[in-house]
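Working notes for the structure below.
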Amino acid sequence: MTEPSEETTGARSRSGSAGDQDRSERRLTRRGWTLLVSGALFVAFALVGFFIPVPYVAISPGPTYDTLGKDAAGQSVIQVNGHEIFQTSGELRMTTVSLRDGGITLFNALGLWASGRYALAPREEYFKPGETNEQVRQENIQQLQDSQTAAQVAALRRKFPVKVLAKTIVSGSPADKVLAPGDRLLVVNGATVKEATDVRAALNGTKPGQTVQITFKSDGQAERTVPLTLAQRPDGPEGFMGLTAVDRADVPFDVKISLQDVGGPSAGLMFALAIVDKMEPGDLAGGRHIAGTGEISEKGAVGAIGGISFKVVGAREAGATDFLVPAHNCAEAKTAAPDGLNLIKVSTLDEAIAQLENLKAGRPTASC
């Protein structure tokens with residue numbers, strides 16, 4: 001019997017070691033797996049970051065518009081037909097905020113935020129669930145139109161009388177099919193109607209089922225007095241006619257505000273000031289570059305608005321040296337106001353006019 005030689009045994013041992021080494025090399029080490037998984041995660045993250053939109057909107061300073069100047073079509077922003085207008089100088093700029101929505105990915109959002117010019121906010125703060133961009137645009141346009149109407153009434157009632165009109169009629173209410181939107185309200189329950197708040201006041205103390213007399217005038221028709229049997233008011237114990245009343249300027253001339261591609265209610269103050277500046281002597285702007293913002297009521301109250309920190313930046317970039325700030329926005333405006341911008345606090349249209357007169361005369365203004 002022949003025993004295996006030493007050379008034969010060594011050869012087999014070397015052959016087995018080489019095979020094991022090949023198999024070992026074909027298997028990934030722990031480090032290899034780590035690198036592979038990390039690479040896959042990085043690629044996935046990059047794809048998400050570059051292509052998947054996030055539910056945020058980007059907010060930044062928007063354009064400004066001189067309400068004493070012209071719109072994009074070359075028409076005066078404030079047009080008065082049938083009444084004397086006075087020479088103005090300087091600017092009364094309304095300010096806006098730009099809202100970027102759609103197509104904002106994670107990396108876009110990080111880049112916008114890092115620029116320092118944009119702020120990010122959850123989309124739900126600006127869009128209702130299921131609401132489209134077009135629906136929001138239409139809402140903003142309606143708000144702008146309402147602010148223009150309120151600005152006209154607030155400016156004109158300083159020198160001219162107002163009339164009270166029915167704005168909306170509640171379907172199925174006592175006023176339905178008796179009055180129509182646009183009818184002029186003259187007397188309600190024995191009380192003369194001089195402004196919109198008189199209508200509600202005239203029904204104080206009444207009860208559902210009580211009959212009251214209402215005198216009104218439809219366009220092109222004679223005055224009429226009719227009885228209305230009051231219904232139950234949804235928000236109080238007194239009787240309910242079923243209409244909302246609004247003040248409108250009672251003037252024999254037309255004031256039109258022409259401005260496209262903007263929306264929202266916050267331009268009311270600057271519209272009202274421009275109407276006053278054009279229709280009353282005095283030159284409110286006085287050659288200065290003035291900007292501002294603020295929602296306005298038909299009685300001239302100036303309300304708070306959103307985006308003031310972006311609006312002061314946009315105003316300064318447009319060359320404004322003074323900025324009219326609603327009183328409730330003063331604290332936020334102070335934290336964002338650029339150097340060289342004088343903040344002027346206002347609560348009403350009359351206050352704003354008085355502050356501009358102080359500014360023109362070199363007197364101190366109310367500061368935020």
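Only heavy atoms go into these numbers, but all of them, side chains included; no hydrogens, no water, no symmetry mates. For the single chain, residues carry numbers from 1 onward in sequence order.
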Using the rule given for side chain to side chain contact (heavy atoms under 4.5 Å, CB included), can you reason through Leu186 versus Thr192, listing the C-alpha separation, both sets of side-chain angles and the distance that settles it, and then say yes or no?
CA-CA 6 Å; Leu186 301 171; Thr192 301; over 6 Å; no
Test log, rule salt bridge (charged side-chain N to carboxylate O under 4.0 Å, His left out), inputs Glu195 and Arg157
CA-CA 11 Å; Glu195 56 185 34; Arg157 76 189 307 156; 3.6 Å; yes
Any chance you could lay out the side chain to side chain contact (heavy atoms under 4.5 Å, CB included) test for Glu91 and Thr64, step after step, and finish with the verdict?
CA-CA 11 Å; Glu91 298 178 346; Thr64 66; over 6 Å; no
Verdict with reasoning, Glu223 to Lys217, per salt bridge (charged side-chain N to carboxylate O under 4.0 Å, His left out):
CA-CA 5 Å; Glu223 292 182 12; Lys217 186 178 185 301; over 6 Å; no
Stepwise, does the side chain to side chain contact (heavy atoms under 4.5 Å, CB included) test hold for Leu359 with Asn342?
CA-CA 10 Å; Leu359 191 64; Asn342 175 40; 4.2 Å; yes
Does the pair Ser347 and Val302 meet the rule for a side chain to side chain contact (heavy atoms under 4.5 Å, CB included), with working shown?
CA-CA 5 Å; Ser347 298; Val302 177; 5.7 Å; no
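Of the possible donor and acceptor atoms, none in the side chain of Gln142 sits under 3.5 Å from a partner among the backbone N and O of Glu139. A donor-acceptor pair is defined here as one N or O able to donate and one able to accept, closer than 3.5 Å; no such pair exists between the side chain of Asp176 and the backbone of Ser171. Of the possible donor and acceptor atoms, one in the side chain of Arg316 sits under 3.5 Å from a partner among the backbone N and O of Ala320. Looking only at distances, no side-chain donor or acceptor of Glu317 sits under 3.5 Å from a matching main-chain atom of Gly314.
Looking at every heavy atom in both residues, Thr67 comes nearest to Ile78 through O-CG1, 3.3 Å. Closest of all the heavy-atom pairs between His328 and Ala304 is CB-CB, 3.8 Å. When all heavy atoms are compared, the tightest approach of Gln143 to Pro265 is OE1-CD, 3.5 Å. Smallest separation of non-hydrogen atoms from Asp350 and Arg158: OD1-NH1, 2.8 Å. Closest heavy-atom contact between Ala285 and Asp277: N-OD2, 3.5 Å.
The side chain to side chain donor-acceptor pair (under 3.5 Å) test applied to Asn140 returns no partner, not counting sequence neighbours. When the side chain to side chain donor-acceptor pair (under 3.5 Å) test is applied to Thr335, no partner is found at least two apart in sequence or on another chain.
Interatomic distance, Phe271 CZ to Leu349 CG, rounded to the nearest 0.5 Å: 14.0 Å. Summarising the geometry, atom CG belonging to Leu92 is positioned 11.0 Å from atom NE2 belonging to His289; distances are rounded to the nearest 0.5 Å. Of the inter-residue distances, the one linking Thr149 atom OG1 with Glu298 atom CD reads 8.0 Å to the nearest 0.5 angstrom. Atoms OG and CD1, on Ser367 and Ile344 in that order, are 8.5 Å from each other to the nearest 0.5 Å. For the atom pair Gln355 CD and Ile290 CD1, the distance stands at 11.0 Å (nearest 0.5 Å). The OG1 atom of Thr348 lies 8.5 Å from the CD1 atom of Ile296; values are rounded to the nearest 0.5 Å.
Contact check for Thr225 versus Val187: no side-chain heavy atoms found under the 4.5 Å cut-off. Looking only at side-chain heavy atoms (C-beta outward), Leu273 and Leu324 come within less than 4.5 Å of each other. Using a 4.5 Å heavy-atom threshold, the side chains of Leu165 and Asp183 count as separate. Side-chain contact between Ile257 and Val77: present, with at least one pair of heavy atoms (C-beta onward) separated by less than 4.5 Å. Within the 4.5 Å cutoff, the side chain of Thr293 has no heavy atoms near those of the Met94 side chain. Side-chain contact check for Phe240 versus Thr206: every heavy-atom pair is 4.5 Å or farther apart. Side-chain contact between Leu341 and Val313 is absent, with no heavy-atom pair separated by less than 4.5 Å. Met241 has its side chain within reach of Leu230: a pair of non-hydrogen atoms, C-beta onward, lies under 4.5 Å apart.
For the residue pair Asp283 and Ser89, a side-chain donor N or O sits within less than 3.5 Å of a side-chain acceptor on the partner. In summary, the side chains of Thr211 and Thr229 do present a donor paired with an acceptor at a separation below 3.5 Å, with no hydrogens or angles considered. Judged by distance alone, the side chains of Gln138 and Glu134 do bring a donor and an acceptor atom under 3.5 Å apart.
Dense packing is recorded around NZ of Lys360, with more than 12 heavy atoms of other residues, nucleotides or ligands lying under 6.0 Å away. The local environment of CG in Asn81 is crowded, with over 12 non-hydrogen atoms from other residues, nucleotides or ligands closer than 6.0 Å.
The side chain to side chain contact (heavy atoms under 4.5 Å, CB included) test with Arg248 singles out one residue from Arg184, Gln152, Lys163, and that residue is Lys163.
Aromatic ring orientation, Phe253 versus Phe160: perpendicular (interplanar angle above 60°, classes split at 30° and 60°).
Lys278 has no carboxylate O lying under 4.0 Å from a charged side-chain N of Glu84, or vice versa, which leaves the two without a salt bridge.
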